[in-house]
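Values below: all heavy atoms of this structure, side chains included; hydrogens, waters and symmetry mates excluded. Keep in mind that what you see is a predicted model, and the values were worked out from it rather than measured.
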Amino acid sequence: MNSRKENVLFGWMIAGFALTIVVIHMLTAYNYELHRDGMLYFAMGDFPATGYISTPPLIGIVSFLIRHTAGYSIFAIKLVPALLGAASLVTIGFLVREMGGRLLAVFIAGMAYLTSVAFLRSNALFQPVSFDEFFWLLTSYLFIRMINRNDEQLWPWLGFVIGIGFLAKYSIVFLVVAWGMSLLLSPYRKMLWSKQLLLGIMIGLAIILPNLIWQYEHDWPVVHHMVELQRTQLVNVTLSGFLSAQLLFHFASLWVWIAGLLVLLIARNERKFRPIAVTFLMVLLILILSRGKSYYTLGAYPMLFAGGGYVMEKYLTGKWRWINFALPVVSVLLLIPILPLAMPVLPMNKMATYCQSVTKVIGPGIITWEDGKVHKIPQDYADMTGWSELAKLTAKAYHQLTPVQQANCHIYAENYGEAGAVHFYGHAYDLPEPISFDDSYLLWAPDSLGSGAFIYINDEVGDIDKLFNTYREIGEIDDVNFRENGLKVFLCTDPKPGAQSFYAAKADELKSMYRR
């Protein structure tokens, strides 16, 4: 096949992969409600800043653009991670070609990504993780291209991409450290003394500097967030759970990344690309030692998919060549029965029965939540229902008030998921912006309140009986699949004399954590 024809077919192949992943995600975009985290990140679009309590600013910038172009559009919100998945498939294709792979290698690597449960899941969610995975892949592509072409002029581009990746999610630091260690252990260590590296560092620092200044001015929220994460979630991470998750993430195409890892690590004539395997192992080691969540590794797998496609095409030849065509078919067949774990294809009320059957075969890992406990459905899905019902209940309370009372009404939600639901789904009911002291909502909360009506969202009465003379329960969520089933909405009127000072003192106490 001449190179021109192969280039045309390559273009059609990666375009087909990219279109496929966008279509399958948009076909399921409306099956479940928005994820609690996605609603928080969308709300950031109304509060553009160079930093937020739990995430860097890039997703807030993207939300700002969505908010001021498409408005409150589920389609637009879902389209963003789907497009990132498409961009990842395109990048994988170019990475395979950079390594010397041809069309069959591109096909194998692309199918490995397309049939990955983990990537199908992450590219269905509007969260920093989908941005993070793409920038990890793009960073690795540039490192591999630099090694393959001995081109130190790529350091400035690496600085630029890593800088943007840092603004997507701080965890890209793990990858950068892993690549640095890998280069030190390889014959390519001389590249670390290049003047172009210094230029790349300067470009990267210039990009991330506004966020670092914001972190400093707010007394390093990322540190507070990581301490809280360690206390509530990372403490439940076990080595066995971490390692078993690595096998389940891409179960349908397990052989592709394992082939890439082993051959690039061991084969003598693949020493040029050995840093790919070493970098992956370094990422695993860093995250194991730091007790990182199992999915933090996801961004390191696409380069192994590319490596796997490359080595399978190269070594499975002659009478073994048929395996390269058979295994992608097997991947699809294996994906079909576990597809509901990757995407919202089943009705929510059937997920518990389905998960009960699946866990008998693969164990309870898929329904083990961040609290370390086994539940009925995956945690992500339990965070994708109940929100529109909450908005309706809140609107029911709000519209029982007179226009004068509505003008002075405040809505308080105990956590950012509830606040995000009022912000997004409550938009259709003309509800006022919610107040919460959770996550970045704390920074947006007013320092004091007026003496008007108060709508309180929580699973218990809390302090409102001490702060209001009159309050009543408007209703509660009745959804067995909802993580916060039983959540209540209270309408509070006639505040007691100390209500305003109580709020102001609480707001000041919590906000003081983020003041220098």
Side-chain angles (χ1 to χ4, degrees), residues 1-25 82-116 119 123 133-158 160-161 188 253 255-257 259-260 263-264 267 269-276 301-332:
M1 184 184 301
N2 63 59
S3 60
R4 183 177 179 181
K5 183 177 181 181
E6 184 167 341
N7 287 339
V8 171
L9 291 175
F10 168 74
W12 279 108
M13 183 180 292
I14 61 172
F17 275 131
L19 181 62
T20 298
I21 199 167
V22 171
V23 168
I24 61 178
H25 280 300
L83 289 175
L84 287 168
S88 295
L89 275 164
V90 172
T91 306
I92 288 171
F94 279 100
L95 176 52
V96 172
R97 298 269 283 191
E98 184 65 35
M99 296 177 71
R102 302 185 70 178
L103 291 178
L104 182 55
V106 174
F107 177 73
I108 294 168
M111 287 299 294
Y113 185 92
L114 198 59
T115 57
S116 163
F119 289 125
N123 291 325
E133 290 164 2
F134 171 69
F135 283 108
W136 274 49
L137 171 57
L138 189 56
T139 298
S140 295
Y141 168 72
L142 289 173
F143 268 113
I144 295 161
R145 185 182 175 102
M146 182 173 66
I147 289 171
N148 191 41
R149 303 190 181 195
N150 195 28
D151 185 3
E152 296 176 1
Q153 299 298 317
L154 287 174
W155 276 121
W157 284 105
L158 270 163
F160 176 78
V161 170
Y188 308 106
S253 52
W255 43 80
V256 178
W257 71 263
V263 175
L264 296 182
N269 54 344
E270 301 298 343
R271 282 177 292 185
K272 175 182 282 190
F273 299 123
R274 187 166 296 160
I276 295 175
Y301 280 95
M303 62 180 178
L304 289 185
F305 290 164
Y310 161 73
V311 301
M312 289 174 70
E313 179 191 58
K314 185 175 181 178
Y315 295 104
L316 292 176
T317 59
K319 65 178 182 179
W320 303 108
R321 194 166 185 264
W322 65 271
I323 296 176
N324 292 321
F325 297 95
L327 288 181
V329 175
V330 174
S331 294
V332 173

Notebook entry, point to check: Does atom CH2 of W255 have more than 12 heavy-atom neighbours from other groups under 6.0 Å away?
Noted result: yes

Next item on the list: Give a yes or no on whether a salt bridge exists between R102 and E6, defined as a side-chain N under 4.0 angstrom from a carboxylate O.
Entry: yes

Next item on the list: Carefully, step by step, assess E98 and Y310 under the rule side-chain hydrogen bond (donor to acceptor under 3.5 Å, both in side chains).
Entry: CA-CA 10 Å; E98 184 65 35; Y310 161 73; over 6 Å; no

Checklist line | Check: L142 and M146 side chains under 4.5 Å, non-hydrogen atoms | finding: no

Check: So, for W155 and F160, is the gap between ring centers shorter than 6.0 Å?
Finding: no

Margin query: Could you check whether any side-chain heavy atom of Y113 comes within less than 4.5 Å of a side-chain heavy atom of N123, counting everything from C-beta outward?
Written below: yes

Margin query: So F305 and L95, do their side chains get closer than 4.5 Å, heavy atoms only?
Written below: no

Item checked: Under 3.5 Å: donor-acceptor pair, side chain of S253, backbone of V256 -> no

Note to self: Quick check: do V22 and L83 have side-chain heavy atoms less than 4.5 Å from each other?
What the structure shows: yes

Notebook entry, point to check: Is the distance between the ring centroids of W257 and Y301 less than 6.0 Å?
Noted result: yes

Check: Does a side-chain heavy-atom distance below 4.5 Å link N150 with Y188?
Finding: no

Item checked: Residues E313, R321: salt bridge by 4.0 Å N-O rule -> no

